Each structure stands twice: as structure tokens, then as C-alpha cells.
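Each chain gets a letter, A, B and so on, in the order the sequences are listed, and its residues count up from 1. None of the values given here were measured: they were computed from a predicted structure.
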Amino acid sequence: MAKSHVSTTVNGDPVEFLCDAPETMLDVLRNTLGLTGTKEGCGTGDCGACSIIVDGRVVCGCLMLAVEATGKQVTTIEGIGAPDRLHPVQQAFLEDAALQCGFCTPGFIVAAKALLDRNPDPSETEIRYWLAGNLCRCTGYDKIVRAVQHAAAEMKGQPA
Amino acid sequence: MTYEPKNLRVVGTRPIRHDGADKVTGRANYASDFTLPGMLWGRVLRSPHAHTRVISINTDKARALPGVKAVITGADLTLPPPGITQAGESAINTQHLAKNLLARDKVFYDGHPVAAVAAISEAIAQQALGLIEVVYEVLPHVIDVDEAMRDDAPLLHDDLFTEGVEPKPEKPSNIAKRIFVGKGDIAKGFAEADIVIERSFTTKAVHQGYIEPQGVVANYAEDGQAMVWCSSQGQFLIRDLCITMLGMEASSLKVIPAEIGGGFGGKTTVYLEPLALMLSKAAGRPVKLTMTRGEVLRATGPHSGSSMTAKIGAMKDGTITTAEVVIKFQAGAFPGSPVGAAVMFCSAPYDIPNLSITGYDVVVNIPKIHAYRAPGAPNGAFAFETVLDELARELKMDPIDFRAKNSAVEGSKSPYGPTHGPIGGIECLSSAKNHPHYKANLGPNQGRGVASGFWINIGGQSAATVVVNRDGTISLVEGCPDIGGTRASLAMMCAEVLGIVAEKVRPSIVDTTAIAFNDVTGGSRVTFATGIAVVQATEDAVRQMRERAAKMWDIEVDQVGWRDGAAQELNGNRSLTISQIAQKAAKTGGQIMGHASINAHGAGPSLTTHLCDVEVDRETGKITILRYTTFQDAGKAVHPSYVEGQMQGGAAQGIGWALNEEYIHDAQGRLENAGFLDYRMPVASDLPMIDAVIIEVPNPNHPFGVRGVGEAPIVPPLAAIANAIYDATGVRMRDLPFSPPKVLAALEAAGKAKANG
Amino acid sequence: MARVVLSGDLGRRFAGGEVEIRVSGSNVLRLIKALEERYPGIADVLESDAMAVAIDGIVYQDAMLEDVGEESEVYFLPAIRGGR
């Protein structure tokens, strides 16, 4: 089976890779590009551990074929925050103890950042429904929702 | 070590966890994030049948496929000698484990492994599975626990005779064990009772539901030295199980703990690791094996479904006189459910003079049951606490007052024997009673439920090393995988003893060659037991630093005290900080290192009370959790945020168990809902904020008063929600889960009964 | 002499029901030895991994050398270990 050649942009960098037709974006990120921050929890689009941002939309990396990345802008957890400063969502997750095992955390942070990019002032209900595609088995979501509220306040320049 | 009240500066605060930055940036490495050069990919072939004989397995075609480097079956795994390996709150029978890893002559459940393959790519490995020819002779199967106990039930093991009954049975059965806990005279107790209520309950098998599937990378070298990288609740347990399975020496296998993406008890055994080692040995190359979510649900330890009857008697004044409980648990393919804990702890929040509690451990055709957070206790509490709610209503007593009147307190006898030390049951109940939640108004179709729970917690073996660096920072070396923030809690206790800030202590969780044995991260034991090891290792380092200071000052060591991160001359003004002592360490005897390796005892039980408000949609049967508050005795919350996190997370897991989660099998015994879409765990939009009220009744057997907190929070939700549904609708739900179709059917049946009545 | 209670399955199997007896032995090992003299076969059960011991309310999963006081209350109980 001939491999497909894909040119795309990942975390702002031009990236080229070869992939088999059935390979998912998640497979390529983790196994070809070495970006293992994006996690696989189910492979069926139900847990959100593989959440990435593609042209501004949150998608499950496991449901996207790698060839679909052609010409797209892909952001993974590795592309959020800067070496000298965590993104406010990341900082809030730390300060608010919004993670326990941490496995679902990259997916939640990617999804929460995408939410705050489009809605800087979400209600608790909006946060809960936006994040309903991300499963966390450890926290009961309480501290995650509070961290997103906290990050929203920080990003608006308000004290939390 | 015993508890002493002290002024605390670090314990009880909320610093940022030490592994936090790695985990919010995706940098933390979990099981499947690891690769080695030349690595092969493995896949496991699993039985599609629930119960079969294996007539033959032909792997020739799979071996002939280009790119396939190794194929193994049960014939390649020598049955180890009989034995038991302790695994925290489980005990693992080594021969059963071997038969579970790779089926031999019989398959016991849908998903039971029958062969494994390693190839140069995952795709080729998957293709090779399709070329393995297995001839099965399908047998009748049984999954329901009551059905499995019948005389005419399909028999799983023809050499299984019920333990714990006299005389010993002559015929084999699916009942592996009968256990009994009791005291007093229940006939007398029922005679004294003014009200007796007896009810039956059922629960379905549920899964731990950790988000990270099992995964491993193994390398077995030609000289017999091997390495395993995997996510587990204990690298030493993984080592011990692997060497037992493969007949290796302990020093030949290094198990490196990856970060762990949740476990909840489910990662206190092996499924893939021995297979990956066998494949690596056969192929001469490293092998990666990971599970899909479907494999996790089909073939890793769910928690027992159960069938229970609880009969409880009380006097008019609210005194419970007696309880008689029978609890039957699914054990899965091999004996060993946690029914013992259900038996010992279902009545444990209370002091009841006459008790008879009997448990049955029953093999059925689902995967071998494995530990799940407070293993067994939620089932028992579901039955017990629901009957208590009925009794309170009959007695016209407030359900909290009724529980408080019968509450176990310091000095009362536990159902399992020993006398309780200080416990926080009454404190949880009174805190709940006085909380605004308990007084808040409810609307139509809304109801409030109360339930309590008990978990004993365990101690166990732990080791810690405290290395004092030249700059005064501390390297804290420990051996318990961090699932929920224990790096932080352990580093904080080390910092507290030293008198420095938590950020100056850097914890590392190391492999099996780098520290003494540690039991698993389980049993709510790490902050308690490893905490004691850390405190002792830190005190050892402090003692050495005082000795070095004494040498440098040329005075006796008893003239040197320790305060605020420095040695202090007791009869003078001189002091030496940690870094000042450490910088001279080369000249005073070498680098300072404190050490402890212990078996901790005296883990205080944790008691908890939950308040739950629900709203019932009468048209769809959907239950909405409106408000949820948990009250729990933590002894001492070292890092309160992560204690709250345990309480909130355990409550959420219990809510999922109550409302939606269940194993659903088709007529052939195949799991129908082996994915997160249909095995429906709670998502963010299903839940409200969960308030966590921490109660602190110090555990006398820990230097800071710590009790385990991780498990108790999953115990009360099943009954709390059942009781809330009754409060909202007048309908008693006694069969889990309370999914919309079942709630709707119950509401309609109640409506008809009322119309006819 | 410590107060040893054989309850539940243990009491049924070796003493025909729950019993409380006085046994001398200053640690768990010695206590079990003394119990074996009175109830032959009990040592194998008590020393197995399936059993824990509680001395004055503190549960020990792996006790052998733990001290037992003259007035101690001692219970043998199933270890908190589900699987077998």
C-alpha cells in the first residue's frame, strides 16, 4: 500500500509526513511526529483525551484521518503556552488542583482553551456542556470547571 | 509513629504539585508514550465466546506472515507453582493469573486472551491475529450470580469446592467460598425489635473506568536481564507477578513506573506485561503492547455485580438491635471477589449488638474481578443504607439522627471484631446535619438522600530516601506511583519535618532497582504509610545533620536542636542551615542521606456521610443530580485540594455507578457495551459542583494524624441516590443502575399500583 | 494474659461459636503457638496470608513479632484482600 504524503502545519511549524490511508491524526502525532502529549483513551471519539484544535475547531485526533490534515493548522497540547509562561488555562489547572492522574488533562486544556478563544466569558453550564466530550474519571469535574472559570477571569484581566 | 499536635507550616497548605507542569503541558510520559529503538508492536487474540473448551490453536499461518517476529499461546507459559501474591487490597493466585493471561484448555469469558503476536508494525500484528486458527467447543455460560449458584448452573471449574462450609462439599460448584462475620444473637435481636425490614438488592458488574488503557514496553535481553516500562499502581507488584509467571529472578527484572492514567484498583495486577516479556524474549527485540478501550472493558477487572438481602431490626426509640445480611458477589472467571469487605464493612458505621453477615464468592463467565476503590464496600452499603432509610421513615426519625443514634464511636466494637479507636462518624453526621445543604428547600419531583460509608484503609510496606543536596534542596526518593497528588503530600511532610518550603523538596518515583520494596498505591495507603516512611527518613536525615553540626561545633549532639531548616545550638546562638551542613558534608563523612523501610500499621478507618439532591423527570425517568455534598474524616488533610479531589472524584464515580454504569451481555455472554459511548460514565454536564467538607479527627497512629481518604467517597453514593429518588417520588429503587428506562418503569408500576390500590 | 476473641468463621470452625479466651504470649508468634496447643490446626489458618490480626484495635496485615500486652484485646480477622 503506497503511503500518502501530507503537508500541514503543527503548532505553527511546517510539517510533512508519510502515512497509510487508515492512519489517524492521533497515530501520526504520537507515533510519527513524537507528539505524545495527545493521549489515546478510547479510539472512538468518546473520551476527548486526544483533543486537538484544527483550524480553530476542537476535534478528536482519533476520528480524523491523517491525510485530512493537508493544508490545515493543527494545534496540540505541545503548542499551548510558551517556554517561559504557561497558558492561563494551564496555570489555573495547577493552582486549582484540577488534575489528579493527569492523563485526560491535555485534552481538557486544549478543549478549554478553544472554548475561551471563542467565548471569553462562559457560564458554568456552557463550560460543562463544552467539556462534555472530555472524560475525567478522577476529579468529578468540580475543580476542572472552577479552573476554567478562573482562567477566563485571568484572561480578561480580572482577579479571580 | 504516633500523632502529636504541632504547629504546622506546610502540612495543610495548598502548594502546586511537583509534577504539575509536566502534566499540563503533555510532557508527562504514560505507558504508551515510551518507545525503544527496534521496537516491535504486539497484539492479543481474544476469545469471542464466553465459555468454551479450546480444542486446538494453529499459529503456522500467522508465523509465516512476513513481518511477524513472535507468536505465543498458553502452551508457551509454564504453569507456575501454586502461590499467592499480595497486591494491596487484593491477593493474586498465581496459577489463576497464568490461566487468565493466556487461556489453556478453557476460555472463561468473552475477551479471554488465547494468543499474542509481535510484528514490525501494529497493522501486521493485527493481520496476523486473523491468521491464527482456534477451534473452540462452545459451552453453556452463566453470568448472573444467583443463577451461577444453582445446582444446575454451567460449571466453570470442575475442581472448585466451596471453602468455608462444614462438612466440605462432595460436589464441585461455582461457589468458591462462603464467609461469615457475626456476633451476639440475632434471634434475640429480632425479638427485641419493634420494626423489622427485609429487602433484596441487585447490582451489575461495573468497571474502574481509568482513562488510560493498559500499556507496556518490554525488553528481554539475551543474558536474561529484562526491563518493563508500564503504567501500574505498583512497580514492585508488577515485577513480582512477572518473575513468578516467567520463572525469573527479582534482580533480573527492572520495572520502570510510567506516569499512571488512573487505576482505582484496576491496575494492581498484570494483563500485558508477562506477554510482552515473552514476545520480546522470543523475538529478541523490545515489544510494545497496548490495549484498546474495548479490550480494557472486555478483559480487565470489572468490579463484582451482586445480589444481596438485608434484614434489619430496630426499637421504637431508634436503637438498631440486629442485622442479618446475605451478600453474593460475582468473582468472574476465577475465585476471589471482594465480598469479604462487603461483609465486614456494610454495617461498620454503626454499633449493632447482634449481627449475622454471610458472603458468597461465586465464579461466573466474566473477566476475573479486580479491586475497585473500597472494593466491595459500595455494594454492601447500598443494601444496608437503603434499609436504614426505610427504617428511619417508619420510625419517623430524621435519617441523620437515626444514624447518629446508632453510630460507631471510639471504644465501640467493630463488626469485624476489634474495638474502634478515634473515628469521625458522628462528626460527619453532625456536620451534615448543620450544613446549609440539609436545610435547603426542595421543589416538586425533587428529593434528598443521606447515606454513610466506611472504609478501613490499609498500611503496608513503604520505603523512602531523603538525599540532602549541597545547595540545601532535598531529593525525595520514593516508590509509589502518583495517581492523585501523592508526590505533593509526601514532599510536604518531608518539608514540614525539615522546616523548609515544599518547593525545596523534589520527589521522584523510581524503578524497582533504586529503592526498597513498596506496596501498591492502593488501599488509600500512600499518604498514610509512605508518609510515615518519609517522616522517618527525614528524621533520620535531621539526626545526621545534627550530628554533623555537633562535630563542626565540637560539642555533643544532644546540645544541638533542629528548627526552621537549621541545626540550632541549644545553649548558644550558633546555627547551621541545611545547605551550610551539606556543603561541608564531604569533610564530615560524606553526603547525608536519610532512609526508612517500614511496614506501616494503624491506618485509621475513614467514615463519610453524603447528602444528595435529585430531580426525577417523570416523563423520561432521567435522574438529575441537583446538589451533592460529601463530609469525610481525613484525619489530617495534608494537601486539602487533593483530599477534596478524592472526595469529589469518588462521589462522581459512585454517581455513575448509581445512574448508568453496568456491564450488558448478549444471549451468548458477549459484552455488548465495550466502549465509552455505551458504558456511560459521568461527563461534566451530568454533574453539579460537588462540595467537599473535610472533617479532621486525627489518626493516633500517624505523626500528622493522617487517615487514608481515597476510597471511602465511593461507598455512600449508591444508597444516597436511591434514598433521594424515594424522597422525590415515593418509589424505592433496589436494582442498579437507576437508568432512565428502569426509573420510568418503576414510576409507572408505582402509578398503576396506586391507581389499583 | 491477652484476651483473644475467635469470632466469625474462625470461632465456628475451631470453637463451635464465638469464644473469648485468655492466652499467654507476649507477641503474635507466641500467641499463635499457644492457641495451636488448644486448637490443633489453627496456626496454619492464623499464619496464612488470608488473615490479619488486630491488637487493641490496630489492624496488622502482616503481624508476627508485634508485642501483645497482658491486657491486650486480640482479634484474628480476614485480611482486607479481596482476590484469591
Chain B contact via Asn31(A) - which portion, at a heavy-atom distance below 4.5 Å: side chain
Chain A interface, residue from Ala123(B), Pro481(B), Ser641(B), Gly215(B) that has the most non-hydrogen pairs under 4.5 Å: Ser641(B)
Glu68(A): partners by side chain to side chain donor-acceptor pair (under 3.5 Å), with sequence neighbours left out: none
Within residues 25-32 of chain B, residues adjacent to chain A where the heavy-atom gap is under 4.5 Å: Thr25(B), Gly26(B), Ala28(B), Asn29(B), Tyr30(B), Ser32(B)
Under-4.0 Å salt bridge between Glu661(B) and Arg137(A): yes
Stepwise side-chain contact (heavy atoms from CB on, under 4.5 Å) check, Phe676(B) with Thr44(A): CA-CA 8 Å; Phe676(B) 276 151; Thr44(A) 52; 5.5 Å; no
Winner by heavy-atom pair count (cut-off under 4.5 Å) against chain A, out of Met647(B), Glu212(B), Glu259(B): Glu212(B)
Residue selection (most heavy-atom pairs with chain B, distance under 4.5 Å) from His87(A), Glu78(A), Arg30(A): Arg30(A)
Residues Arg128(A) and Asp686(B) bridged, charged N to O under 4.0 Å: no
Chain A neighbours within residues 287-300 of chain B, where any heavy atom lies under 4.5 Å away: Arg293(B)
Partner chain B: residue of Leu94(A), Thr105(A), Leu86(A) with the largest heavy-atom pair count (under 4.5 Å): Leu94(A)
Residues forming a ring-ring contact (aromatic ring centres under 6.0 Å, His included) with Tyr141(A), sequence neighbours excluded: none
Partner chain B: residue of Gly45(A), Cys101(A), Gly37(A) with the largest heavy-atom pair count (under 4.5 Å): Cys101(A)
Part of Gln208(B) within contact of chain A (heavy atom distance under 4.5 Å): backbone
